[in-house]
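Every chain is numbered from 1, with letters handed out A, B, ... down the list of sequences. Computed from a predicted structure; not experimentally measured.
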4 protein chains.
Amino acid sequence: MAGTSETRTRPGRAALLTAARRTFSSKGYDGASIRDIAQEAGLSLSALYYYFPSKQDALLELICSTFDDFLGSAHAILQESGEDARSQLDALIRFIVRFRIANREGSRVLLRETERLDPERLEIARARQIASNELIKGVVLRGVEQGHFRTPYPEEAVRAVVSFCNSLPLWYREDGRLSPAQLEERYTHFAFRLLEAEPETSCRPGAASPGAVRT
Amino acid sequence: MAGTSETRTRPGRAALLTAARRTFSSKGYDGASIRDIAQEAGLSLSALYYYFPSKQDALLELICSTFDDFLGSAHAILQESGEDARSQLDALIRFIVRFRIANREGSRVLLRETERLDPERLEIARARQIASNELIKGVVLRGVEQGHFRTPYPEEAVRAVVSFCNSLPLWYREDGRLSPAQLEERYTHFAFRLLEAEPETSCRPGAASPGAVRT
Amino acid sequence: MAGTSETRTRPGRAALLTAARRTFSSKGYDGASIRDIAQEAGLSLSALYYYFPSKQDALLELICSTFDDFLGSAHAILQESGEDARSQLDALIRFIVRFRIANREGSRVLLRETERLDPERLEIARARQIASNELIKGVVLRGVEQGHFRTPYPEEAVRAVVSFCNSLPLWYREDGRLSPAQLEERYTHFAFRLLEAEPETSCRPGAASPGAVRT
Amino acid sequence: MAGTSETRTRPGRAALLTAARRTFSSKGYDGASIRDIAQEAGLSLSALYYYFPSKQDALLELICSTFDDFLGSAHAILQESGEDARSQLDALIRFIVRFRIANREGSRVLLRETERLDPERLEIARARQIASNELIKGVVLRGVEQGHFRTPYPEEAVRAVVSFCNSLPLWYREDGRLSPAQLEERYTHFAFRLLEAEPETSCRPGAASPGAVRT
DNA sequence: AATGAATGAGCCTTCATTCAT
DNA sequence: CATGAATGAAGGCTCATTCAT
């Protein structure tokens, strides 16, 4: 698991990263002062500068570690989910939904504050962003080649699917109407419809029951 | 067209709003200083305070006027597009795509900076946001009742459709691969697939030709 | 007179320059905070940034204006003091002594804080520093050519003379033992001795009476 | 040689003093951070606090040890150079020139940063400064009494001589035009001229040959 | 209709310093 | 001996805002 040893050995740093994540997520990068972050972490203002050279570097670290968590898990999941692009997409969408919900704040920062990085650091983050997009695009395009996805606009369809998955952290609330499992269900459903997956041979195990609404 | 008389009679105000739109869009509300805005408008710093009581008010004005433009046009379009929810949705999605592209900067501000409003002003903007969402939701739910849209998850489907339409201002570039008309085409296509519109009776005029890729 | 119109039209700026001069002189550039300067000027901290882009720019302005005052007057004095290098040197040394005493604080800043300028600004100040040194060197070398100064080491002699003149602002106090006029007397005397001016034909008017010690 | 045993037994301390000397010399006391010094010494920040109670104390130590080196050697040299004030002055000026060149950085700190000491420590350093000045003044005044120096302004002449000697560390560079030996020659020459030493009985051994310019 | 001058609060960052280990 | 972790104070600078003109 990522960051475990660091979390254990450098609690101050981990506390600051968590605080930065929370604060950047709710106030935005520019709206969050390092005083806000330090206070949220229960440390002094200067502590941030002991662990991070600058506010920009803290943001970069946050974004990159979130990307790396995402990419690491996504790769693992793709390798476990067989050759069929449909099962791969199913697993991938379910993972993205889970990840965007579980790492809601990190995802918000990654999705909305990356462009606040200065050019040099932006490039570093952008590389991961591209890798992340290519991962999904790769699965879809393979599915199109295999004839499983029949959308006439694969490129834009990928963007649309990614867009509605990425919007999750913007509105999801733990006390909301739907559970993460139900959201997995719905979002994979949407993705398959949008990509115009051939309907008859749906190989997804839980696809039959749409999942009851939570009480 | 909204704001014409104002534009004619108070050029300074219009220049400032345009500058604020551009600046908030590219730097974010907190990252944009009123000096940035005044400079972009070619006016002095104090001019902004002649036209707007505060930075917050400029943001509110920007967001509300964009919402009002959107809502005004959207209502008109719905009224012109018959009773059938499918033709209404078609017209509505096409309008949203056009609007998000044509008012790219205003939309970015509206979509990403609304939450920077203080509670009092947020409420004012939120009302329009809700009206805007209800408008789309209304069309879809009517379509579901009419049996034209067969998605099992209408509420979430609306959110998904809105999400991918709203992501347009985040990546659209005038020198991009696809023209606005092509994007209209694709996004209505996606919306109909995602909502699981009954395929045989597609009444959309331009739906047959997917639109050639621009050279 | 330098700066008169500015002094009259922008009193805040002049007050800040005076305060910066005094503060840099007593605490050094790095030891003086802009809060110190603003307080000394009776203005707010931010006022400094209304008139100067940065602390470095305030230092540069201070140094350059002092240099320019010096160079302007020095040139005028040389033109008024005939062709003979001895009378020129006499006038010049007397002026330097007067200037270093009258502009004690500005001179301290100029002499000790110039090297705190960043490379870009340092170059600008250095040009004036060189002009200033060349001015004196020119007079001495002409005197050597004319045979009036017989020192075997003209270059180093110039440096020595400049050095002891420039040390004036480091120790001079208004309540000291010697008046400015007496110091003029002594320092020209020293300069002539050090340069080994031919003794018999001393043309300096006041050279005969060494000036009584003040009570 | 002073500090040998300490240098051998406490290399960290010596490294820090050297680093402090270099750093204070180039950046000034206030412009030098203790991080700069520790880094220059290749030690950790806290190491400085192991050897010195504070930054002020490091400065004081630096200044006092430089003064003590100077005074110790100066006294020894005076005792070796006979009764005649002229030979004493010759030896003393030559020593000062050598010292200011060899201990260029220490001298810069001593001459320019002493006034950054807080009042309590300033007093300690000031005592040595006075001792140092009295030493030179004593020689000159004795020479005046003996009739060897005929300057009408002995007090100010001392200041002038000290001033040009002390300016050496401000401009001397090892790759400069003149060797230390040549500078000894010139500066004693200047001192004798400025003090108006009786010309005929010059007893200085090397005074005849002004010293060739280095290639 | 618009501006120049000025401000207080707050920004990110660096400082000298401490202390447990 | 020496360090890593942490801090309060202060650093230079920018902020949104005001107000007389």
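Of all nucleotides listed (F:dA5, E:dA9, E:dA5), E:dA5 comes nearest to the side chain of B:S46.
Rounding to the nearest 0.5 Å gives a distance of 8.5 Å between NZ of B:K55 and OH of B:Y49. Annotation: the span from A:I37 atom CD1 to A:L43 atom CG amounts to 12.0 Å, rounded to 0.5 Å. We find the CZ-CG distance between A:R112 and B:L170 to be 8.5 Å, quoted to the nearest 0.5 Å. Note that OG1 of C:T114 is 12.0 Å distant from OH of C:Y29, once rounded to the nearest 0.5 Å. Note that the OG1 atom of C:T23 and the NZ atom of C:K27 stand 7.0 Å from one another [nearest 0.5 Å].
Listed pair C:Y49 / F:dC13 meets the phosphate criterion, a side-chain N or O lying under 4.0 Å from OP1 or OP2. Contact between the side-chain N/O atoms of D:S44 and the OP1/OP2 oxygens of F:dT3 is found at a separation under 4.0 Å. The shortest distance between the side-chain N/O atoms of D:Y51 and the OP1/OP2 oxygens of F:dC1 is not below 4.0 Å.
Annotated stems with DNA chain E as a participant read E:2-21 with F:2-21, given as range with range, by first number; only runs of 3 or more Watson-Crick or G-U pairs under 3.5 Å qualify.
Summary of the strand contacts: B:A47 and D:Q56 both lie near DNA chain E, and taking for each the nucleotide with the nearest heavy atom, the more 5' one is attributed to B:A47. Residues A:L43 and B:K55 both approach DNA chain F. Their nearest nucleotides, taken by heavy-atom distance, put A:L43 toward the 5′ side.
Side-chain contact annotation: A:D57 with A:S54, donor-acceptor N/O pair under 3.5 Å present.
One interatomic measurement links the two molecules: OH of C:Y50 to C1' of E:dG8, which rounds to 17 Å at whole-angstrom precision. Protein atom CG of B:L45 is 14 Å distant from nucleotide atom P of F:dT14, rounded to whole Å. When rounded to the nearest whole Å, the span between NZ of B:K27 and P of F:dA16 equals 11 Å. The distance between atom CZ of C:R13 and atom C1' of E:dA5, rounded to the nearest whole Å, is 14 Å. Note: CG (A:L16) to C1' (F:dT7) measures 13 Å, nearest angstrom. Taking atom CG on B:D57 and atom P on F:dA16, their separation rounds to 14 Å, with Å as the unit. Rounded to an integer number of Å, the gap from C:L59 CG to F:dC13 P is 12 Å. A straight line from CG of A:L48 to P of E:dC15 spans 16 Å, rounded to a whole angstrom.
Taking the side chain as every heavy atom from C-beta outward, B:T66 and B:V109 never approach each other to under 4.5 Å.
Not one N or O on the side chain of B:R108 forms a donor-acceptor pair closer than 3.5 Å with the backbone of B:R22. Using modelled atom types, one side-chain atom of B:S65 and one backbone atom of B:L62 make a donor-acceptor pair closer than 3.5 Å.
DNA chain E is contacted by D:A32, D:S33, D:I34, D:R35 of residues 30-38 of chain D, taking any non-hydrogen atom closer than 4.0 Å.
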